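Inspection log for the structure reproduced underneath, given as structure tokens.
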2 protein chains.
Amino acid sequence: MSDGARLPAAAGRGRRPARARGDDREMLILATAERLLEERPLGAISVDDLARGAGISRPTFYFYFPSKDAVLLTLLDRVVAEADATMGAVFDGSVKAPREGWQRALAAYHETFRGHRALTVAWAEARSTNAEVRALWAEVFERWVQRCATAIEAERARGAAPPGPAARDLAIALTSMNERVISASLSGDGPAIAADDVVPVLLRVWLTAVYATPPD
Amino acid sequence: MSDGARLPAAAGRGRRPARARGDDREMLILATAERLLEERPLGAISVDDLARGAGISRPTFYFYFPSKDAVLLTLLDRVVAEADATMGAVFDGSVKAPREGWQRALAAYHETFRGHRALTVAWAEARSTNAEVRALWAEVFERWVQRCATAIEAERARGAAPPGPAARDLAIALTSMNERVISASLSGDGPAIAADDVVPVLLRVWLTAVYATPPD
DNA sequence: CGAACGAGTCAACAGGGTGTCGAGTTACGG
DNA sequence: CCGTAACTCGACACCCTGTTGACTCGTTCG
């Protein structure tokens, strides 16, 4: 889903097995985008900025990418792949001590996004204006929700966690919290939790939500 | 903060006590914005759309509002006032039964935004592109966080809730969850909790996070 | 009454962004 | 050395925002 449809121009290139000097340009554009995102939001970066940054003209930019958003999407694909790999590794090591397992998952999640601060913030921004970005987000979110819901159900099945709301709903609520808290903590505007406290606080909420029974 | 600075044009008008036929136009613009937001996102609505909808030309629009975003801000001020009033009422009735108190607060929160679906979705959208909208959000968010943090501390002080993370951090995390879950539930794209299940699920997480101790 | 003033109105302009088209220029494989 | 595909960009068509300056019209006051 990430190449053919998203980068029609790239499909035309590269037929010839010989070296295509265009690959360098493509990388340059991506690098420029990542660099500029460190200093200003996506909305304040024009196609012209990206083109100039890569040493080409604006029309030439369109030879490589169909739009500014496509560049972001390409960048995001990388982060998503990285995040999925990390999360997969964490979840595969079967959860023996629950606290340990959830803690590692949260820390991995946080670490991945903290390592791509600018991109994460741009992601949140573009999600509200671009349907493809929104779709990518929904896809990733859904994957995490399913993983979490499965884990919650497993804990309930083995009697470690009490019954409660539908595991999927609980997973959605908690994952939403993660996303928003981490995103706010990285973006820096508005009230947010200090970076070092993010994981402990989230962990606390997760553990109580999954394992503890509310008083009544 | 909501009139003079945000609507400089309005400051000039209305000095004369006589009838200003411009007030009708202003209302018409606001009504048009609210109507159009029901059918498409703010980004897909141009100043021209608003002007035509109100039966005036584009330059005339600028006589009433300095920008498209200013219209949204005016609309949001209303919702914020309404939400604050509702929340104030809920919190004022002193919390006797904790479960009841939190439940009513959550339900009020949810109800307010559900009653302004289009506006709430537009708010989330504009927050990522407009600094003033972001500031308004931060202000409202901060107010709720403080209220919640105070309530949590009160519960801890009277021994009803166990110690845990800083009350403020807990309040930020839980309020973030509310916001994101409700917003996703209203916007309709991506995985979300069904409208009727939103309050019960959120309530469950709040209660466990505030009152229960995690296992260890 | 009629000048003066301020509210209200808009055609026309300036400026900046996006995306496309067609006419190039290069560089390799035959 | 020629064809072909990769690559490049000037110029264009559009859309959107925000501003300017002139114009209408009702009200007020001398």
Side-chain angles (χ1 to χ4, degrees), chain A residues 3 6-30 32-33 36 40-73 125-126 129-133, chain B residues 3 6-30 32-33 36 40-73 125-126 129-133:
Chain A
D3 291 323
R6 210 169 277 149
L7 299 171
R13 282 188 316 97
R15 182 97 51 79
R16 197 101 60 83
R19 60 169 42 276
R21 82 174 174 294
D23 284 357
D24 301 339
R25 305 280 190 188
E26 200 171 313
M27 296 304 176
L28 249 181
I29 292 173
L30 291 170
T32 303
L36 292 183
R40 55 183 192 270
L42 186 65
I45 298 172
S46 70
V47 169
D48 202 53
D49 293 331
L50 294 178
R52 288 183 179 283
I56 56 179
S57 72
R58 211 165 51 77
T60 299
F61 166 91
Y62 286 102
F63 178 80
Y64 293 101
F65 293 94
S67 72
K68 188 172 66 176
D69 288 344
V71 176
L72 178 64
L73 243 0
E125 179 191 343
T129 58
N130 179 292
E132 283 182 285
V133 173
Chain B
D3 291 324
R6 210 169 274 149
L7 299 172
R13 282 189 315 98
R15 183 98 50 81
R16 196 98 59 82
R19 60 168 44 275
R21 80 178 175 291
D23 285 356
D24 301 339
R25 305 280 189 184
E26 198 170 315
M27 295 305 175
L28 251 182
I29 292 173
L30 291 170
T32 302
L36 292 183
R40 53 181 192 271
L42 186 66
I45 298 173
S46 70
V47 170
D48 202 52
D49 293 330
L50 294 178
R52 288 183 179 285
I56 56 178
S57 72
R58 212 165 50 76
T60 299
F61 167 91
Y62 286 103
F63 178 81
Y64 292 101
F65 294 94
S67 71
K68 187 173 66 176
D69 288 343
V71 176
L72 178 64
L73 245 359
E125 178 192 343
T129 58
N130 179 292
E132 282 182 286
V133 174

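Reckoned from all heavy atoms, side chains included, excluding hydrogens, waters and symmetry mates. This structure is a prediction, so every number in the text was calculated from the model and none was measured. So that the names make sense, note that chain A is the first sequence line, chain B the second, and so on, each numbered from 1.
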Between [atom1] of [X] and [atom2] of [Y], what distance do you get to the nearest 0.5 Å?
{"X": "A:Phe63", "Y": "A:Glu26", "atom1": "CZ", "atom2": "CD", "answer": "9.5 Å"}
{"X": "A:Thr60", "Y": "A:Arg25", "atom1": "OG1", "atom2": "CZ", "answer": "8.0 Å"}
{"X": "A:Ile29", "Y": "A:Ile56", "atom1": "CD1", "atom2": "CD1", "answer": "4.0 Å"}

Can you check the [X] [atom1] to [N] [atom2] distance for me, whole Å?
{"X": "B:Ile29", "N": "C:dG8", "atom1": "CD1", "atom2": "P", "answer": "11 Å"}
{"X": "A:Leu28", "N": "D:dT8", "atom1": "CG", "atom2": "P", "answer": "11 Å"}
{"X": "A:Phe63", "N": "D:dA6", "atom1": "CZ", "atom2": "P", "answer": "7 Å"}
{"X": "A:Asp69", "N": "C:dG17", "atom1": "CG", "atom2": "P", "answer": "16 Å"}
{"X": "B:Arg52", "N": "C:dC10", "atom1": "CZ", "atom2": "C1'", "answer": "12 Å"}
{"X": "A:Asp24", "N": "D:dT8", "atom1": "CG", "atom2": "C1'", "answer": "15 Å"}

Inset, instruction - State whether B:Thr60 places a side-chain N or O below 4.0 Å from either non-bridging phosphate oxygen (OP1 or OP2) of C:dC10. - result: yes
Legend entry - Short side-chain N/O contact to D:dT8 OP1/OP2 from A:Arg25, under 4.0 Å: yes
Inset, instruction - Kindly write out the residues that satisfy side chain to side chain contact (heavy atoms under 4.5 Å, CB included) with B:Asp49, not counting sequence neighbours, or none if the list is empty. - result: B:Leu36, B:Arg40, B:Ile45, B:Ser46
Legend entry - Distance-minimising heavy-atom pair for B:Lys68 and B:Leu42: NZ-O, 3.5 Å
Inset, instruction - If a protein heavy atom is under 4.0 Å from the base, mark B; if only from the sugar-phosphate, S; if neither, -; do that for nucleotides 15-23 of chain D going 5' to 3'. - result: --BBB----
Inset, instruction - Measure the shortest side-chain to side-chain distance between B:Leu50 and B:Phe65 over non-hydrogen atoms and say whether it is less than 4.5 angstrom. - result: no
